[in-house]
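Some notes on the structure that comes next.
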Amino acid sequence: TPIQNDLTEFYNVA
Amino acid sequence: MLEGKFEEASLLKKVIESIKDSVKLCNFNCSQSKGITVQAIDDSRVLLIALKIDSGSFQEFRCDRDLVLGLDLESLSKILKQGNNEDYLTIIAEDSPDSLLVVFEDKKKDRISEFSLKLMDIDSDVLTIDDMEHDCSITMPAYEFAKIARDMKTLSESLQIIITKDSVKFNAEGQIGSGSIILKPHTDMEKPDESIKIELNQPVVLTFGAKYLNDIVKATALSSTVTIKLTDKAPALFEYRLPSGYLRYYLAPKFDD
């Protein structure tokens with residue numbers, strides 16, 4: 001089953 | 001002071017209905033130059049909403065000083081349901097507001113209805129999203145993408161999107177079986193919004209949570225077309241154009257273990 005990624009793995013929290 | 005008058009209440013009603021199930025609380029940033037902008041992330045941090053309602057979306061817009069309106073969207077939705085779609089809708093806030101005034105005016109009858117919505121202090125994370133080149137972009141009828149997202153969710157929790165030069169394929173594999181829908185690019189001269197356009201730098205295969213795609217297609221009423229921008233191993237961008245501005249969703253992909 002594919003694992004759901006989190007947006008913070010791709011973008012920095014400002 | 002902020003004063004923004006919409007020609008029709010339906011625009012803001014549709015925008016709020018499109019995002020309120022994904023984010024409950026969010027800050028509306030208001031300025032004379034940018035109009036209203038919002039960035040909000042859902043609780044699971046998988047889906048991000050970026051909204052821009054330019055001043056051109058308003059019949060009249062003035063914002064003397066930059067303002068942040070902390071809104072509970074469920075509450076705002078309740079108030080917006082008090083007005084008719086065709087009514088003029090004006091939102092008004094003082095410079096240091098603790099409430100937002102919402103005014104509906106019926107265009108035919110002498111009826112004016114006013115509501116006050118309490119504002120909140122909302123502490124939210126903001127993500128830095130740089131403009132980037134995408135591997136491919138698809139523009140297709142919004143209703144068609146909505147039907148695919150809703151239908152395929154009944155088969156599987158995940159929807160795979162496979163883009164090549166010649167086609168876009170939506171693939172779902174679930175316990176009861178599997179399904180796929182293949183669309184080929186075409187141009188409809190009479191109804192341009194019915195066209196399917198693919199721009200491709202390189203082929204992409206990505207998998208997304210069907211639940212989130214179904215949240216995204218709640219924006220279908222806002223625009224006749226949706227543009228989907230995909231990049232290998234990166235979040236996808238789904239964009240619905242407003243008359244002046246946009247509603248964008250950034251969705252993190254799923255990867256195989």
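Proteins come first, then strands; the chains are lettered A, B, ... in the order of their sequence lines, and each starts at number 1.
- When the salt bridge (Lys or Arg N to Asp or Glu O under 4.0 Å) test is applied to B:Asp64, the partners found at least two apart in sequence or on another chain are B:Arg62.
- Two residues are said to be in side-chain contact when any heavy atoms from C-beta on lie closer than 4.5 Å; A:Val13 and B:Leu127 meet this criterion.
- A distance of 7.5 Å separates CG in A:Leu7 from CG in B:Leu251, rounded to the nearest 0.5 Å.
- Residue contact with chain A, scored on non-hydrogen atoms closer than 4.5 Å, involves the side chain of B:Tyr212 exclusively.
- Residue pairs meeting the salt bridge (charged side-chain N to carboxylate O under 4.0 Å, His left out) criterion with at least one member in residues 119-137 of chain B, sequence neighbours excluded: B:Arg45-B:Asp125.
- A 6.0 Å sphere centred on NZ of B:Lys24 holds more than 12 heavy atoms belonging to other residues, nucleotides or ligands.
- One finds the OH atom of B:Tyr250 at 14.0 Å from the CZ atom of A:Phe10 (value rounded to the nearest 0.5 Å).
- Within a 6.0 Å radius of NZ in B:Lys20, other residues, nucleotides and ligands contribute more than 12 heavy atoms.
- Of all non-hydrogen atoms in A:Pro2 and B:Lys254, the two that sit nearest each other are CB-CB, 3.7 Å.
- Surrounding CG of B:Asp98 are at most 12 heavy atoms belonging to other residues, nucleotides or ligands under 6.0 Å away.
- At most 12 heavy atoms of other shown residues, nucleotides or ligands fall within 6.0 angstrom of atom CD in B:Glu157.
- Looking at B:Thr207, the atoms closer than 4.5 Å to chain A (heavy atoms on both sides) all sit in the side chain, from C-beta outward.
- Between chain A and the residues B:Leu47, B:Asp256, B:Val46, B:Leu48, the largest count of heavy-atom pairs under 4.5 Å involves B:Val46.
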